[in-house]
Colleague: 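Here it is, the structure in full.
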Amino acid sequence: MAYLGENIKKLGFGLMRLPRKDEVIDVEQVKKMVDMFLAKGFTYFDTAWAYAGSEDAIRQALVERYPREKFQLATKNAAWINCKTREDAIAQFETSLRQTGAGYFDFYLLHNLGEHRTEFFERFDLWNFVKEQKAAGKIKHVGFSFHSTPEELDEILTKHPEAEFVQLQINYADWENPAIQSRGVYEVARKHGKPVIIMEPVKGGLLANPPEKVADVFKKANPDASLASWAIRFAASLEGVITVLSGMSNLEQMENNTSYMENFQPLSDAEKATVEEARRVLASIPLIPCTTCNYCAKVCPQHIKIRKELVNVTKTLLS
């Protein structure tokens, strides 16, 4: 029996942190990254209306250069950002179609449900809207991304069993983190029988360059494996996972990630023990739990560049 995502490789290209040149997305470098990604057999691309310039960049780098059936494209609707009416929220969908030029979306997500944001999708009746778009052939699969508690996820999935998948923040650092509860939300999704797409597997880049004590744990176990590979393989080894999104920002990251995910092997028991040891070491180090997604800055009434400030503080803590 077929299941959602069975023909999708376990590495997806997250398009939130694309390379930039003079503060503008470097489309020419993105083209090279797309070419390498597809050449290795990977096909899943994840963007969003809220990722400034991303939908336009992937139209140029991917949609206009490859047959539509050669890839899966996902984007998202953030009804909680600057939407006062249902028409405002629906306009995001139309804008995404225009900016990507994709014709339809393989995966369409209601973006970042949880806490106060969930209510916007209910108020604007977007669950029925995406159902209508699916019937019209403009969406193949409907789901949502989520950043909140297991209890709230359980409530949403109980109310909306029509959701076909859930996108969750999961990484070894947050697996037992009481503020993120990666294990808890993952277990709720599995209880409801929903396939999972994983975001933030390297926690905004932190786990690709963790504190020295953490890096030493991995280097002792396998000095040849990149630090990012441990994080992405941990996420990809979980059952029920469609794909693991990596927000790659340059060709070097693309080459590294595809090298060990092209013929993906789940973590062995010994490797799982290594990751658990690294998690315990990391948990003992005081860090600010920021993935540099920049969502907070988008809605900050004082227009504070929060991500930049937190990155500087984190560097200070690690020095």
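Source: prediction; values computed, not measured.
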Colleague: Carefully, step by step, assess F13 and L18 under the rule side chain to side chain contact (heavy atoms under 4.5 Å, CB included).
Modeller: CA-CA 10 Å; F13 189 175; L18 293 175; 3.9 Å; yes
Colleague: Using distance alone, with no hydrogens and no angle criterion, decide if Y66 and D35 have a side-chain donor and acceptor under 3.5 Å apart.
Modeller: yes
Colleague: Flag the pair S145 / L113 as yes when at least one side-chain heavy-atom distance between them is below 4.5 Å, and no otherwise.
Modeller: no
Colleague: How would you list all residue pairs meeting ring-ring contact (aromatic ring centres under 6.0 Å, His included) that involve residues 179-215, not counting sequence neighbours?
Modeller: W175-Y186
Colleague: Are T75 and F107 close enough, and set up right, to give a side chain to side chain contact (heavy atoms under 4.5 Å, CB included), and what steps lead you there?
Modeller: CA-CA 7 Å; T75 195; F107 291 75; over 6 Å; no
Colleague: Under 6.0 Å between the ring centres of F71 and F42?
Modeller: no
Colleague: Parallel, tilted or perpendicular: which one describes the rings of W127 and H160, with boundaries at 30° and 60°?
Modeller: parallel
Colleague: Start with the C-alpha gap between E164 and K140, add the side-chain angles, then the distance that decides, and say whether salt bridge (Lys or Arg N to Asp or Glu O under 4.0 Å) holds.
Modeller: CA-CA 10 Å; E164 297 174 77; K140 287 191 174 183; over 6 Å; no
Colleague: Do V34 and I58 come within less than 4.5 Å of each other through their side chains, counting heavy atoms only?
Modeller: yes
Colleague: Enter the distance from I81:CD1 to D88:CG here, rounded to the nearest 0.5 Å.
Modeller: 12.5 Å
Colleague: Is the distance between the ring centroids of F121 and F144 less than 6.0 Å?
Modeller: no
Colleague: If I compare all heavy atoms of V214 with all of A278, which pair ends up nearest, and what's the gap?
Modeller: CG1-CB, 4.0 Å
Colleague: Hey, are the side chains of L110 and T118 touching, using non-hydrogen atoms and a 4.5 Å cut-off?
Modeller: no
Colleague: Taking NZ, NE, NH1 and NH2 as the nitrogens, is one of them in E200 or R17 under 4.0 Å from a carboxylate oxygen of the other?
Modeller: yes
Colleague: Can a donor-acceptor pair be found, under 3.5 Å and without considering hydrogens, that links the side chain of D22 to the backbone of V24?
Modeller: no
Colleague: Got a donor-acceptor contact below 3.5 angstrom from the W230 side chain to the A215 backbone?
Modeller: no
Colleague: Is it true that, when you exclude E94 itself, more than 12 heavy atoms of the residues, nucleotides or ligands shown sit nearer than 6.0 Å to its CD?
Modeller: yes
Colleague: Can you tell me how far apart CG (N77) and CG (L109) are? Round to the nearest 0.5 Å.
Modeller: 10.0 Å
Colleague: Kindly give the heavy-atom pair with the smallest separation between R20 and A52, and that separation in Å.
Modeller: NH2-O, 3.5 Å
Colleague: List in chain and number order the residues that pass side chain to side chain contact (heavy atoms under 4.5 Å, CB included) with E187, two or more places apart in sequence or in another chain; answer none if no residue qualifies.
Modeller: R183
Colleague: Between D174 and R279, does at least one N-O distance fall below 4.0 Å, as a salt bridge requires?
Modeller: no
Colleague: Ion pair present between E276 and R280, side-chain N to carboxylate O less than 4.0 angstrom?
Modeller: yes
Colleague: Report the C-alpha distance between E132 and K138 in whole Å, list the side-chain angles of each, state the deciding distance to 0.1 Å, and finish with yes or no for salt bridge (Lys or Arg N to Asp or Glu O under 4.0 Å).
Modeller: CA-CA 9 Å; E132 293 165 0; K138 293 184 179 180; over 6 Å; no
Colleague: Quick one, D125 with R86, criterion side chain to side chain contact (heavy atoms under 4.5 Å, CB included). Give me CA distance, side-chain angles, the key distance, then yes/no.
Modeller: CA-CA 7 Å; D125 194 27; R86 186 172 192 263; 3.7 Å; yes
Colleague: Are K219 and E212 ion-paired here, with the side-chain N under 4.0 Å from a carboxylate O?
Modeller: no
Colleague: Is the shortest side-chain heavy-atom distance between L238 and V196 below 4.5 Å?
Modeller: no
Colleague: Report the distance from atom CG of L267 to atom CZ of R233, rounding to the nearest 0.5 Å.
Modeller: 4.5 Å
Colleague: Using every non-hydrogen atom in the two residues, find where A228 and V202 come nearest and quote the distance to one decimal.
Modeller: O-CG1, 4.1 Å
Colleague: What is the minimum heavy-atom distance between A57 and I25, and which atoms define it?
Modeller: CB-CG2, 3.8 Å
Colleague: Answer whether the closest heavy-atom distance between the side chains of E162 and K131 falls below 4.5 Å.
Modeller: no
Colleague: Treating K32 as the side-chain partner and N250 as the backbone partner, does any N or O pair qualify as donor plus acceptor under 3.5 Å?
Modeller: no
Colleague: Is E28 salt-bridged to K21, going by a charged N under 4.0 Å from an acidic O?
Modeller: no
Colleague: Would F105 and F93 count as a side chain to side chain contact (heavy atoms under 4.5 Å, CB included) here? Give the steps.
Modeller: CA-CA 10 Å; F105 298 113; F93 177 78; 3.9 Å; yes
Colleague: Below 4.5 Å, heavy atoms only, C-beta onward: do K194 and L157 meet side chain to side chain?
Modeller: yes
Colleague: Just by distance, do the side chain of K9 and the backbone of E262 share a donor-acceptor pair under 3.5 Å?
Modeller: yes
Colleague: Give, for atom OG of S246 and atom CE of M254, the distance between the pair rounded to the nearest 0.5 Å.
Modeller: 8.0 Å
Colleague: Can any side-chain N or O of Q167 pair as donor or acceptor with the backbone N or O of I198 at less than 3.5 Å?
Modeller: no
Colleague: Are any side-chain N or O atoms of T243 and backbone N or O atoms of L11, one a donor and one an acceptor, separated by less than 3.5 Å?
Modeller: yes
Colleague: K76 and side chain to side chain donor-acceptor pair (under 3.5 Å): which partner among T47, D46, N112?
Modeller: D46
Colleague: Any donor-acceptor pair under 3.5 Å linking the side chain of Q253 with the backbone of S249?
Modeller: yes
Colleague: Got a second to check how far L251's CG is from M36's CE, nearest 0.5 Å?
Modeller: 5.0 Å
Colleague: State, with a plain yes or no, whether a side-chain heavy atom of P195 is found less than 4.5 Å away from one of V241.
Modeller: no
Colleague: Surrounding CG of N82 (heavy atoms of other residues, nucleotides or ligands, distance under 6.0 Å), is the total greater than 12?
Modeller: no
Colleague: Does a side chain donor of either T100 or E55 reach within less than 3.5 Å of an acceptor in the other side chain?
Modeller: no
Colleague: Closer than 4.0 angstrom, basic N to acidic O: yes or no for E64 and R59?
Modeller: yes
Colleague: Taking atom CD of E239 as the centre, report whether more than 12 heavy atoms of other residues, nucleotides or ligands fall under 6.0 Å from it.
Modeller: no
Colleague: Closest approach of F124 and A89, non-hydrogen atoms and distance?
Modeller: CD1-CB, 3.9 Å
Colleague: Measure the spacing between CD of E152 and CG of D154 and express it to the nearest 0.5 Å.
Modeller: 11.0 Å
Colleague: Which is it for F165 and F146 under the ring-ring contact (aromatic ring centres under 6.0 Å, His included) test, yes or no, and what are the steps along the way?
Modeller: CA-CA 11 Å; F165 65 95; F146 182 82; over 10 Å; no
Colleague: Mark yes or no for whether K10, through its side chain, and M261, through its backbone, hold a donor-acceptor pair below 3.5 Å.
Modeller: no
Colleague: Quick one: does any side-chain atom of S54 pair with a main-chain N or O of Y51 as donor and acceptor, under 3.5 Å?
Modeller: no
Colleague: Count the heavy atoms belonging to other residues, nucleotides or ligands that lie under 6.0 Å from CD of E255, then report whether that count exceeds 12.
Modeller: no
Colleague: Please determine if R68 forms a cation-pi arrangement with Y104, meaning its NZ or CZ atom is less than 6.0 Å from the six-membered ring centre and no more than 45° off the ring axis.
Modeller: yes
Colleague: Should the heavy atoms of other residues, nucleotides or ligands under 6.0 Å from CD of E119 be counted, would the total exceed 12?
Modeller: yes
Colleague: Tell me, do F264 and S237 make a side-chain contact under 4.5 Å, heavy atoms counted?
Modeller: yes
Colleague: Between S182 (side chain) and Q169 (backbone), is there a donor-acceptor pair under 3.5 Å?
Modeller: yes
Colleague: For the residue pair D56 / Q60, report whether a side-chain donor-acceptor contact shorter than 3.5 Å exists.
Modeller: yes
